[in-house]
Amino acid sequence: MIPIKSEEDLKMLKKSGKILSKIMHRLKKFIRVGVSTLEIDRLAEKLMKEENVISAFKGYNGFPANICTSVNEEVVHGIPAQKMLKDGDIISLDAGINYKGYISDVAITLPVGRIDPKSQKLIEVTRNALSQGIKQARINNHLSDISYAIQTYVESQGFSVVRQFVGHGIGYALHEDPQIPNFGQPHQGEVLKKGMVLAIEPMVNMGTRECEILDNGWTAVTKDGSPSAHFEHTVAIREDGPEILTN
Ligand code: MG
């Protein structure tokens, strides 16, 4: 069952999303050569404290940090560590917060210093793929219209879509029904209804779509070591179309 949020709940989720975007904006400005992913996590912790919200990730199935920091070939669930960012890296920041019981989730991929043109294109294509997916998040569309839009766009640009990880419903919990794959045929699955809230999150690889999990039990990396990018928004389905709550 996909939960339907009331107007009152949507208002609270919008507040949650707004706080999260503000935190993400501050983290974004902190990214530079020589900063460690652990320092980014510490800043996230401080900002969440200042905003009186709690990380929706920390402790989730035992996840050890406040946010996920995934560098280069790390796809998702990178664990912050004393590892310094280098010129030419790309880093995905993924953060979720709980504001008075209302959960929002957002991710962006950023360049560190000067990156090569192909990595730049990977970031742009992944950001655009998210926009393509969000455009389909409207009443009476099917869930897989989102998936199809993302996959066809990404593959037309010569990159591959990760299949082992998917988007998800969100709001009262970090992961609710439905699962939202970033690939598939159109017009399948649930019909989208007003008041559904979805975390849409394409993960795009430069090389093979295949991933594997590191020994820490969390971090997904590309099987061929090629870079990967990730963008995510929490989106509400409204009468007049999709509303991005984490903008
Ligand atoms: Mg998510």
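On a predicted model such as this, the values are computed, not experimentally measured, just so you know. Just follow the structure's listing: the first ligand is 1, and inside any ligand the first atom is 1.
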Enquirer: Tell me, do Glu201 and His230 make a side-chain contact under 4.5 Å, heavy atoms counted?
Expert: yes
Enquirer: Are Arg32 and Phe30 in a cation-pi setup, meaning NZ or CZ lies under 6.0 angstrom from the ring centre and within 45 degrees of the ring axis?
Expert: yes
Enquirer: Would you say His168 has an N, O or S atom lying under 2.8 Å from the Mg ion (ligand 1)?
Expert: yes
Enquirer: For the Mg ion (ligand 1), what is the closest N, O or S atom on Glu201?
Expert: OE2
Enquirer: Quick check: of its N, O or S atoms, which one does Glu232 have closest to the Mg ion (ligand 1)?
Expert: OE2
Enquirer: Hey, is there an N, O or S on Asp105 sitting under 2.8 Å from the Mg ion (ligand 1)?
Expert: yes
Enquirer: Do Tyr148 and His187 have ring centres separated by under 6.0 Å?
Expert: no
Enquirer: Determine, step by step, whether Ser228 and Asn205 satisfy the side-chain hydrogen bond (donor to acceptor under 3.5 Å, both in side chains) criterion, reporting the C-alpha distance in whole Å, the side-chain angles of both residues, the deciding distance to 0.1 Å, and the verdict.
Expert: CA-CA 4 Å; Ser228 184; Asn205 294 352; 2.7 Å; yes
